> 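Here it is: the structure, laid out below.
Chain identifiers are assigned alphabetically (A, B, ...) following the order of the sequence lines, protein sequences preceding nucleic acid strands; residue numbering begins at 1 within each chain. Quick caveat: nothing in here was measured; it's all calculated off a predicted structure.
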Amino acid sequence: MDHLGVVLGGVPTTLLVTATCFGVGAVLGLVLVTGRRSGSVVVRGLSRTIIDLLRGIPPIVFLFIVFFGIGSGAIRLSPFVAAVIGLGLISAAHLAEIYRGSLLAVHRGQFEAAQALGLGRVTTYTRVVGPQAVRVAIPGMVTWAISLLKDSALVSTIGVAEIMSVTNQDARSSGSSLTPFVIAAAIYIALGSPLAYLSRYLERKLSLKGAR
Amino acid sequence: MTEPLTSPARPILSIEGLSKQFGDHTAVDDVSLDVRPGEVVAIIGPSGSGKSTLLRCINLLESPTTGRITVGGIPTEVDGKVSQRELVALRRKVGMVFQSFNLFPHLTVLRNISLPQERVLGRSRAEADARSMALLEQVGLASKASSHPPRCSGGQQQRVAIARALALDPSVMLFDEPTSALDPELGLEVLSVMRQLADEGMTMIVVTHEIHFASDVADRLIVMADGRIIEQGDPKTVIDDPQVERTRTFLSAIRDR
Ligand SMILES: Nc1ncnc2c1ncn2[C@@H]1O[C@H](COP(=O)(O)OP(=O)(O)O)[C@@H](O)[C@H]1O
Ligand SMILES: [Mg+2]
């Protein structure tokens with residue numbers, strides 16, 4: 001009757017799925033936000049459409065499209081890879097919007113000063129605007145990481161053996177449903193709270209250093 | 001334009017037929033202006049008369065609708081597309097100081113001045129820092145080198161902004177109401193740095209409402225209204241005896257404040 005031990009067995013996979021999807025989303029989100037701010041109308045429109053689609057489709061539907069729709073056709077995708085593609089792309093869209101909002105929060109004068117000094121686009125973003133935008137983006141990014149941690153339960157439906165999946169099996173085989181799921185709930189909360197703490201800590205630290 | 005290239009009378013900055021339209025509103029209307037090396041030109045005029053837009057067109061923060069800008073003998077046709085190379089070349093020669101300072105708040109005062117030198121001129125960090133410190137000394141802020149801008153007063157921030165622009169060795173400095181956001185006594189310390197700069201022979205175009213600065217320091221005063229230059233000449237002459245009715249009205253309005 002070691003429900004806790006069984007449910008804990010799913011933790012590494014949950015963390016791996018969450019972290020990988022977040023990493024993929026953080027990087028692809030940069031690509032999308034760059035597209036969103038491109039000088040070309042076509043690139044802007046395309047990036048915007050991709051972001052809107054990824055944010056508009058329910059995550060479970062998108063996961064099924066990736067795994068059952070695409071991943072079982074010409075190309076075969078393992079459940080883990082399908083999960084990372086699915087939730088990674090959805091994360092990219094959400095993080096792109098968070099980045100975009102944080103860039104809008106940087107005063108226009110910062111871009112103008114950088115331009116007037118003759119700084120290039122890359123330097124402007126990496127050295128001037130980026131570091132200021134990051135401070136604004138961090139709380140939203142951590143909030144997204146917490147959502148992603150919870151949404152990772154969805155990938156149990158395509159057969160990834162994370163917390164939800166092992167809990168479900170445990171409930172079926174033991175015949176006891178309440179205890180395993182309550183334990184799972186407690187574990188999600190325990191995993192999420194350091195993130196919330198981290199968010200507050202970083203916010204404080206970055207705002208002190210920036211001395212705004 | 002028959003003077004030899006080396007003639008000191010040759011303008012360092014020449015603006016020909018510059019216009020800027022926002023939709024169907026003409027913010028700058030066919031302005032031409034030659035600035036001699038070392039000349040200090042003050043621009044005054046009512047709000048909305050196109051002063052900021054004119055300055056912003058000179059370093060292409062706004063792309064002018066038509067016109068030609070020549071800095072240091074190299075012309076840039078600004079109607080149509082300006083290439084990235086021309087853009088960078090032009091901005092390298094023109095320094096700009098904004099009303100709202102626009103220092104980078106996450107960088108120290110020293111980094112604010114050194115980073116552009118490293119990135120734009122390719123100076124090493126040591127070279128850049130040495131130049132930054134010399135300039136900070138000059139504007140009286142050496143002690144603030146390791147502070148962050150939000151910890152400095154507005155007057156201090158504006159002096160750092162001036163040092164940051166000077167560090168790139170511009171041929172011309174543009175100032176857009178550099179003291180308008182400051183309390184009068186803080187404005188004075190900025191004006192004194194600008195006066196010192198003018199004495200050292202820097203070519204400057206200064207949009208300002210500081211009529212004393214204009215009359216004491218400027219070599220020429222330009223009055224703008226509705227995107228055009230409506231009057232220009234020796235500052236004292238223009239101030240004491242304006243020829244255009246609108247200049248008279250505007251001058252009495254700012255005197256009354
Ligand atoms: N980005 C812009 N878009 C539309 N209109 C603008 C823009 N910038 C300035 N203008 C207009 O151009 C005119 C000149 O503005 P500006 O150059 O700022 O005047 P000044 O600096 O003399 O007060 C104003 O009517 C202003 O509303
Ligand atoms: Mg203005």
Side-chain angles (χ1 to χ4, degrees), chain A residues 30 33-35 37-44 98-142 199 201-212, chain B residues 52 55-56 58-63 81 84-109 111-122 146-152 157 160-161 164-170 173-176 181:
Chain A
L30 283 178
V33 79
T34 307
R37 293 174 67 93
S38 153
S40 145
V41 186
V42 180
V43 176
R44 269 206 310 272
I98 290 169
Y99 297 155
R100 196 172 69 87
S102 70
L103 286 171
L104 290 175
V106 176
H107 194 270
R108 218 169 68 102
Q110 296 288 305
F111 288 94
E112 292 190 342
Q115 269 182 292
L117 289 164
L119 297 179
R121 236 174 115 79
V122 175
T123 305
T124 301
Y125 277 95
T126 57
R127 305 301 294 274
V128 176
V129 178
Q132 296 179 61
V134 164
R135 294 177 164 80
V136 182
I138 276 184
M141 290 174 76
V142 178
S199 163
Y201 168 77
L202 285 175
E203 240 178 299
R204 203 159 9 113
K205 192 179 153 190
L206 289 173
S207 73
L208 277 183
K209 200 171 146 216
R212 268 204 152 235
Chain B
S52 296
L55 287 198
R56 293 163 58 81
I58 295 174
N59 69 357
L60 302 178
L61 280 180
E62 300 284 359
S63 44
K81 279 239 161 190
Q84 189 64 28
R85 238 192 34 208
E86 284 180 308
L87 195 81
V88 171
L90 187 86
R91 286 187 181 146
R92 189 175 282 202
K93 285 180 254 153
V94 179
M96 175 118 178
V97 173
F98 300 88
Q99 183 177 339
S100 53
F101 331 135
N102 296 347
L103 293 180
F104 305 139
H106 60 298
L107 300 178
T108 61
V109 161
R111 287 307 290 155
N112 262 277
I113 309 174
S114 292
L115 178 74
Q117 298 178 59
E118 293 163 24
R119 293 303 166 121
V120 178
L121 302 181
S146 55
S147 305
H148 282 86
R151 297 239 180 274
C152 301
Q157 290 190 50
V160 173
R164 181 173 71 173
L166 288 175
L168 299 176
D169 303 322
M173 285 280 284
L174 311 176
F175 295 83
D176 191 1

> Name the region of B:Arg164, side chain, backbone, both or neither, that has any atom closer than 4.5 Å to a heavy atom of chain A.
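For B:Arg164, backbone and side chain are both near chain A.
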> Is it the side chain or the backbone of B:Leu87 that comes within 4.5 Å of chain A heavy atoms, both, or neither?
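B:Leu87 has no heavy atom closer than 4.5 Å to chain A.
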> Should we count CZ of A:Arg44 as having more than 12 external heavy atoms under 6.0 Å?
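It does: A:Arg44 CZ has more than 12 such atoms within range.
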> Tell me, for B:Phe98 versus chain A, whether the close heavy atoms (under 4.5 Å) come from the side chain, the backbone, both or neither.
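Just the side chain, heavy atoms under 4.5 Å.
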> Determine the minimum heavy-atom distance between B:His106 and A:Arg127, stating which atoms define it.
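Looks like NE2-O, 2.7 Å.
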> Sort out for me which of B:Leu61, B:Leu115, B:Val97, B:Leu107 touches chain A most, counting heavy-atom pairs under 4.5 Å.
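Among B:Leu61, B:Leu115, B:Val97, B:Leu107, the one with the most close pairs to chain A is B:Leu61.
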> Using non-hydrogen atoms and a limit below 4.5 Å, what part of residues 112-120 of chain A faces chain B?
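Against chain B, the residues of residues 112-120 of chain A that fall inside the cut-off (heavy atoms, under 4.5 Å) are A:Glu112, A:Ala113, A:Ala114, A:Gln115, A:Ala116, A:Leu117, A:Gly118, A:Leu119.
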